[in-house]
Amino acid sequence: MKVNILVDYKENGIDKNEVHIVWFAENETAAAAALLKSLECKGYDVQSMIAVDGDYTLAELHDMANYGVGFELNKCRLLYMSHECMEYIDRVKRDPEEARKLQKEIGRRKESRKGQQSGY
């Protein structure tokens, strides 16, 4: 069994993400626990971990994590969320300006990907 995991984390206060394919995992929970421990040992402040069903390459998972390509909620499950991440999601729900900022960032990332694909 393999588990595809998208990880959002902070390193030295900077938001980052990584994608992982955990091979030979007994289940998603065990894979997430082992990965969380490994990342925390590196000093990462893990914010969230999401399992993604399907047979994807690391490049495809990267595009999913960074640009939303192929990201569909019906094939994803939340494995871990920090308290800080929960507070952020609550803030986005309550504050229209925070929601606009998030939408703007998503749009910026999508445009960035388009530029990369067309050779700019």
Side-chain angles (χ1 to χ4, degrees):
M1 176 181 176
K2 73 172 185 154
V3 180
N4 302 314
I5 301 179
L6 311 180
V7 180
D8 285 319
Y9 65 96
K10 290 186 179 190
E11 183 178 26
N12 299 321
I14 298 170
D15 289 326
K16 297 184 177 186
N17 66 52
E18 287 183 354
V19 297
H20 296 267
I21 299 175
V22 182
W23 289 94
F24 310 112
E26 291 181 28
N27 58 53
E28 291 175 346
T29 304
L35 184 56
L36 179 63
K37 185 174 183 175
S38 171
L39 295 171
E40 288 177 337
C41 285
K42 291 180 180 181
Y44 296 173
D45 180 13
V46 178
Q47 298 297 302
S48 67
M49 300 173 80
I50 297 172
V52 180
D53 290 338
D55 191 22
Y56 296 100
T57 65
L58 286 173
E60 290 169 326
L61 291 169
H62 175 271
D63 285 352
M64 197 178 292
N66 287 286
Y67 311 115
V69 175
F71 187 86
E72 299 167 15
L73 292 177
N74 64 340
K75 63 181 176 185
C76 300
R77 283 166 310 292
L78 183 65
L79 298 174
Y80 172 82
M81 183 182 290
S82 71
H83 182 72
E84 183 179 350
C85 189
M86 284 187 258
E87 288 176 339
Y88 173 72
I89 289 172
D90 188 49
R91 193 167 56 247
V92 168
K93 286 181 182 177
R94 288 182 289 118
D95 183 353
E97 181 57 30
E98 197 68 37
R100 278 190 289 278
K101 281 193 231 176
L102 179 59
Q103 286 298 329
K104 186 177 179 179
E105 175 62 18
I106 291 168
R108 185 193 67 75
R109 288 183 182 204
K110 286 181 178 180
E111 287 302 313
S112 169
R113 182 174 186 273
K114 286 179 187 176
Q116 290 174 358
Q117 287 179 329
S118 62
Y120 293 108

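Just so you know, these numbers use all the heavy atoms, side chains as well, and skip hydrogens, waters and symmetry mates.
A salt bridge links K2 with D55: at least one charged nitrogen is closer than 4.0 Å to a carboxylate oxygen. A salt bridge is defined here as a Lys NZ or Arg NE, NH1 or NH2 lying under 4.0 Å from an Asp or Glu carboxylate O, and E11 with K42 fails to meet this definition. Under a 4.0 Å N-O distance rule, the pair R100/E97 qualifies as a salt bridge.
For the pair S82 and C85, the minimum side-chain heavy-atom distance is below 4.5 Å. Looking at L102 and Y88, their side chains come closer than 4.5 Å, going by heavy atoms from C-beta outward. Here the side chains of E18 and L61 are not in contact, with every heavy-atom distance at 4.5 Å or above. With contacts defined as side-chain heavy-atom distances shorter than 4.5 Å, the pair E40/D45 does not qualify. At least one side-chain heavy atom of Y56 sits less than 4.5 Å from a side-chain heavy atom of M64.
Both L6 and W23 are assigned to one and the same hydrophobic cluster, defined by single-linkage of ILVMFWY side chains at heavy-atom distances under 4.5 Å.
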* To do: Report the C-alpha separation of H62 and Y67 in whole Å, then their side-chain angles, then the decisive distance to 0.1 Å, and conclude whether the side-chain contact (heavy atoms from CB on, under 4.5 Å) test is met.
  => CA-CA 8 Å; H62 175 271; Y67 311 115; 4.2 Å; yes
* **Audit row: V7, I5, side-chain contact (heavy atoms from CB on, under 4.5 Å) steps and yes/no** => CA-CA 6 Å; V7 180; I5 301 179; 3.8 Å; yes
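Counting only distance, with no hydrogens or angles, the side chain of N4 and the backbone of V52 share a donor-acceptor pair below 3.5 Å.
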